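Just so it is clear, the model here is predicted, and its values are computed rather than measured.
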Amino acid sequence: DFVTRFTQEAEQLKARLENDLTALGSNIRPYGEQLVAKLQNQVEELKKEAAPYAEAVDPEALKALLLQKSQELKGQLETSVTQLQAQMVPYTDEVREKMEQSLEEFQRNVIPLAQSFETQVAQKTQEIQQSLVPYREELRAKLDASTQDLQAQLTALWESFTQKTQ
């Protein structure tokens, strides 16, 4: 019963965490798609600007343009990532809080289960020990009888041995 209930609680926790992460993903997705679209537009623009230099076979000018544009693209990307991170703070904080609440709820549900299980194990152990007491006494009585019988046989054997050796 404990394992079943623990498994159920674990599955519920897993489902809650998956829901929270799915919600975070759907909140973040539009920002990511917007960032990707912006980057794709910038790359297309770079291609258009670099095409005349490539066609004119002017490697120095092409190199200079690509260096300049790649630096601009890098700066814009860093700015976009910073903005994206700033926009995500409320979502990540909300998801973190939900996850913490889910974990706390899991603990609130599982700790009593574990304590109940521990209590039941202790109780069953005590019951088993109590049920074995009569057998222990019976075994002790049988061992005492066997010991006395063995002692009597050894004494008789010893006496027989001593008589024959005299």
Side-chain angles (χ1 to χ4, degrees), residues 1-140:
D1 185 46
F2 169 74
V3 172
T4 302
R5 290 184 63 198
F6 178 81
T7 302
Q8 289 171 346
E9 290 295 330
E11 287 299 320
Q12 289 175 358
L13 173 65
K14 178 183 171 188
R16 285 191 299 263
L17 293 176
E18 285 175 349
N19 287 341
D20 292 343
L21 290 174
T22 300
L24 177 64
S26 31
N27 287 333
I28 292 175
R29 186 171 292 114
Y31 295 109
E33 290 171 354
Q34 181 182 7
L35 179 61
V36 168
K38 186 177 178 182
L39 286 173
Q40 286 174 339
N41 288 338
Q42 291 171 341
V43 168
E44 287 301 318
E45 185 180 316
L46 179 58
K47 282 182 188 178
K48 287 178 188 174
E49 289 181 25
Y53 297 107
E55 289 172 5
V57 190
D58 187 355
E60 290 302 317
L62 180 60
K63 181 180 174 183
L65 175 70
L66 290 176
L67 186 60
Q68 175 195 353
K69 291 297 182 178
S70 65
Q71 289 297 327
E72 289 175 12
L73 191 58
K74 180 182 175 187
Q76 290 172 355
L77 180 60
E78 288 174 356
T79 302
S80 296
V81 168
T82 302
Q83 289 173 351
L84 181 62
Q85 287 174 335
Q87 291 171 336
M88 292 300 104
V89 169
Y91 295 116
T92 56
D93 288 346
E94 179 184 338
V95 168
R96 185 175 3 91
E97 286 178 24
K98 284 183 179 181
M99 289 180 164
E100 287 173 358
Q101 288 172 354
S102 295
L103 288 170
E104 288 171 5
E105 184 178 336
F106 177 75
Q107 287 175 338
R108 281 194 306 271
N109 292 336
V110 170
I111 287 174
L113 281 176
Q115 289 171 338
S116 171
F117 180 71
E118 181 182 12
T119 302
Q120 289 175 8
V121 167
Q123 181 182 358
K124 290 294 180 186
T125 302
Q126 188 175 16
E127 288 174 11
I128 290 170
Q129 287 175 345
Q130 290 295 332
S131 69
L132 293 177
V133 167
Y135 298 112
R136 183 179 67 198
E137 295 301 322
E138 183 181 320
L139 182 60
R140 181 175 285 142

request  = Apply the test salt bridge (charged side-chain N to carboxylate O under 4.0 Å, His left out) to residues Glu9 and Arg5: give CA-CA distance (whole Å), side-chain angles for both, the deciding distance (0.1 Å), then the verdict.
outcome  = CA-CA 6 Å; Glu9 290 295 330; Arg5 290 184 63 198; over 6 Å; no
query = Quick one: ring-ring contact (aromatic ring centres under 6.0 Å, His included) partners of Phe117, sequence neighbours excluded?
reply = Phe2
Salt bridge flag under 4.0 Å for residues [X] and [Y]:
| X | Y | answer |
| --- | --- | --- |
| Glu60 | Lys63 | no |
| Arg140 | Glu137 | yes |
| Lys98 | Glu94 | yes |

Between [atom1] of [X] and [atom2] of [Y], what distance do you get to the nearest 0.5 Å?
| X | Y | atom1 | atom2 | value |
| --- | --- | --- | --- | --- |
| Leu67 | Gln71 | CG | CD | 5.5 Å |
| Leu132 | Glu138 | CG | CD | 12.0 Å |
| Glu104 | Glu97 | CD | CD | 10.5 Å |
| Thr79 | Leu84 | OG1 | CG | 12.5 Å |
| Leu73 | Leu66 | CG | CG | 11.0 Å |
| Lys69 | Lys47 | NZ | NZ | 15.5 Å |

request  = Locate the shortest heavy-atom distance separating Ser102 from Leu17; write the atom from each residue and the value.
outcome  = CB-CD2, 4.3 Å
note = Closest heavy-atom pair, Asn109 versus Leu113, reported as atoms and distance to 0.1 Å, is O-CG, 3.5 Å
inquiry  = If the test is side chain to side chain contact (heavy atoms under 4.5 Å, CB included), which one of Glu78, Gln83, Gln85 qualifies with Val81?
reply    = Gln85
Neighbour count >12 (heavy atoms, 6.0 Å) for atom [atom1], [X]:
| X | atom1 | value |
| --- | --- | --- |
| Gln87 | CD | yes |
| Glu100 | CD | yes |
| Glu49 | CD | yes |
| Phe106 | CZ | yes |

ask   = How would you list, by chain and number, every residue that makes a side chain to side chain donor-acceptor pair (under 3.5 Å) with Asn41, sequence neighbours excluded?
value = none
query = So which pairs with a foot in residues 10-29 pass salt bridge (Lys or Arg N to Asp or Glu O under 4.0 Å), sequence neighbours left out?
reply = Arg16-Glu105
ask   = Where do Glu72 and Gln68 land on the side chain to side chain donor-acceptor pair (under 3.5 Å) test, with the steps shown first?
value = CA-CA 6 Å; Glu72 289 175 12; Gln68 175 195 353; 3.0 Å; yes
